[in-house]
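First the structure, in the form of C-alpha cells, and then the observations on it.
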Amino acid sequence: MSVNPDSSTRTSAWRDLPAAQQPDYPDAEALRAVVADLESYPPLVFAGECDQLRARMAAVARGEAFLLQGGDCAEAFDQVSADQIRAKLKTLLQMSAVLQYAAAVPVVKVGRIAGQYSKPRSKPTEVRDGVTLPTYRGDSVNGADFTAEARVPDPERLRRMYHASAATLNLVRGFTTGGYADLRQVHAWNQDFVRNSASGRRYEALAREIDNALNFMRACGADPAEFHSVEFYSSHEALLLAYESALTRTDSRTGRLYDVSAHMVWIGERTRQLDGAHIAFASEIRNPIGVKLGPTTTPEEALTLIERLDPDREPGRLTFITRMGADRIRDRLPTLVEKVTASGAQVAWVCDPMHGNTFEAASGHKTRRFDDVLDEVKGFFEVHKGLGTHPGGIHVELTGDDVTECVGGGDEIFVDDLHQRYETACDPRLNRSQSLDLAFLVAEMYRA
Ligand code: PEP
Ligand code: MN
C-alpha cells in the first residue's frame, strides 16, 4: 500500500495514521508522479468560496436555511457531458424552487458533483459466475468492467478525476451564473418534463405562482440580482487522501489550508474512525466538513468528532449527515441530537435517507423504496421537531434522467421495471420525477 507518497506535503497529520479504503496501487512511483502534478495544478474552487459556503451552512445550523445536497452516488468519466450535467442541475434547481416557494425557506444548494468519483466498498472483492475480482471503487480508482485488467487501481485516473471535475465545474458555473438559473427560467427547466408526469404538472402550477410573484415584484420596481443567478456549491466524499491532500493549498489571505477540490467535503460512514487518517485530514482543512453518521454511532463518538473537527464550536463548520434507515431513525437519532445539543455545539443536522435503506431486489438490482426514503425523512423531521432542534436539510442520490433504479414514487416504478433503465455506477438514484415528489413532500413537512 502506498498512499503516503513522500512528495512535498501540505497536510501532514494524516500520513502516519491508518487510512481505510485506500487503493492498493501496484506502482508507487507512478502514484508519486501523478501526485506531484496534482500539487501544481490550479485550484478547482477558491478558499473565499469555501468560506462563503461555511457562512451559508452557519445559517443552516442556526435554523435559518435548509440544505439541499444531491447528485450521483458515483459520477462517471463517460458521463461528463453537457446534457447529463444540465439534467442534474435542472433537477436540483427545480427541487430548490419547490422548497423555497412552498416552504418559504432559503435553500443552500450543494451538488454531489464535480469530484464524486471515489467509492468506499463494504467488500474488497466481488464474485460473478465463480470468478472473484477486486471491487470497483469508482472511476478515480479502477474500471467498472468485470475484468482483471480493469479492476487494477491506476493512479492516472486521479489526473482524469481532476480534469473531469474541472470540466464539470466549469459548465456548472456557466449555467448558474450565465442566465440559465435565472428564476425567470422556472418554466424552462420543466419544459421537457411537464406533459408526461404528474410531478411535472404539479411543478408547473407552482412555477406559475412564482412567475406571478416575480411579476408583482417587478411591477413594484424590485428586480434584485439574487433572482438572476444562483449560488451553487460542489461537494464529494473526501475518500482518496493522496488526491485530496495534493489538492490542498494554503490560502494567501489567512495562511490556512483549504482542500480546493470542492467547496465542501464529507467523511463517509466507513472512514470516520476517530483515530484514522480521514478525520485527521479533515481536521487540518478549513472547508465546511460533513460526516456521515450511521445507526451504530454513539453519542460519545459524535462528541469526539465535534472536539476534533469543530473545536471552536463554529456554526457552519460541521454538518452531521445522519443515515440511519427508516426503521431506526426514530430510535437512534434522539439521543445523538440531545447529547450534541447539550454539549453546546451548533452543528447542522442533515438527513441522508438513502444509505440506510438499500436492499437487493429478487432481480439482483440494488434498490431503495421511495416510501422508505420518505419515511426516514419524516422520522428525521419528527425527531427534530420533538426536540426543538432544526431539521437542516436533505442529502440525496439523484439524477436528472428518467432512470428506473428506486422503486415507488408518484409515477410508480415496480421491481419488475428496474431493468429498464438501471444505469447507476454504484447506488440506486431517485429519478427526476421521484426527486420532485420528494421536494414537494419535504416542503410540506418543513411547513407543518
Ligand atoms: C455515499 O454517500 O455514497 C456513501 C457511500 O455513503 P455512506 O458513507 O453514508 O455509506
Ligand atoms: Mn451511495
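Atoms within a ligand are numbered from 1 in the order they appear, just like the ligands themselves.
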Enumerated ligand 1 atoms positioned under 4.0 Å from heavy atoms of [X]:
X      : value
Gly268 : 8 (O)
Cys73  : 3 (O)
Arg270 : 5 (C), 7 (P), 8 (O), 10 (O)
Glu397 : 1 (C), 2 (O), 3 (O)

Quick note, ring-ring contact (aromatic ring centres under 6.0 Å, His included) partners involving residues 120-170, not counting sequence neighbours, are Tyr41-Tyr162, Tyr41-His163
I'd like to know if [X] pairs up with [Y] as an ion pair, taking the criterion as any Lys NZ or Arg NE/NH1/NH2 lying under 4.0 Å from an Asp or Glu carboxylate oxygen.
X      : Y      : answer
Glu360 : Lys366 : no
Glu231 : Lys109 : no
Arg159 : Glu156 : yes
Asp275 : Arg308 : no
Arg421 : Asp402 : no
Arg256 : Glu284 : no

Contacts of His419 meeting side-chain contact (heavy atoms from CB on, under 4.5 Å) (sequence neighbours excluded), chain-then-number -> His365
Worksheet entry | Distance-only polar pair, side chains of His395 and Arg323, donor-acceptor under 3.5 Å |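 Per modelled atom types, His395 and Arg323 side chains form no pair under 3.5 Å.
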Kindly confirm or rule out an N or O of [X] lying under 3.5 angstrom from an N or O of ligand 1.
X      : answer
Arg112 : yes
His355 : yes
Lys292 : yes

What is the nearest protein non-hydrogen atom to atom 8 (O) of ligand 1, stated with its residue, atom name and distance?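 Closest protein heavy atom to atom 8 (O) of ligand 1: Glu269 N, 2.9 Å.
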Out of Lys119, Gln116, Glu237, the nearest non-hydrogen contact to atom 3 (O) of ligand 1 is supplied by Lys119
Check: Which residues pass the ring-ring contact (aromatic ring centres under 6.0 Å, His included) test with His263, sequence neighbours left out?
Finding: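 Listed in chain order: Tyr233.
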Any heavy atom of Arg323 under 4.0 Å from ligand 1? The part involved is side chain
What's the separation between atom CG in Leu158 and atom OH in Tyr243, rounded to the nearest 0.5 Å?
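Between atom CG of Leu158 and atom OH of Tyr243 there are 8.0 Å.
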Count of protein N, O or S atoms below 2.8 Å from the Mn ion (ligand 2) equals 4
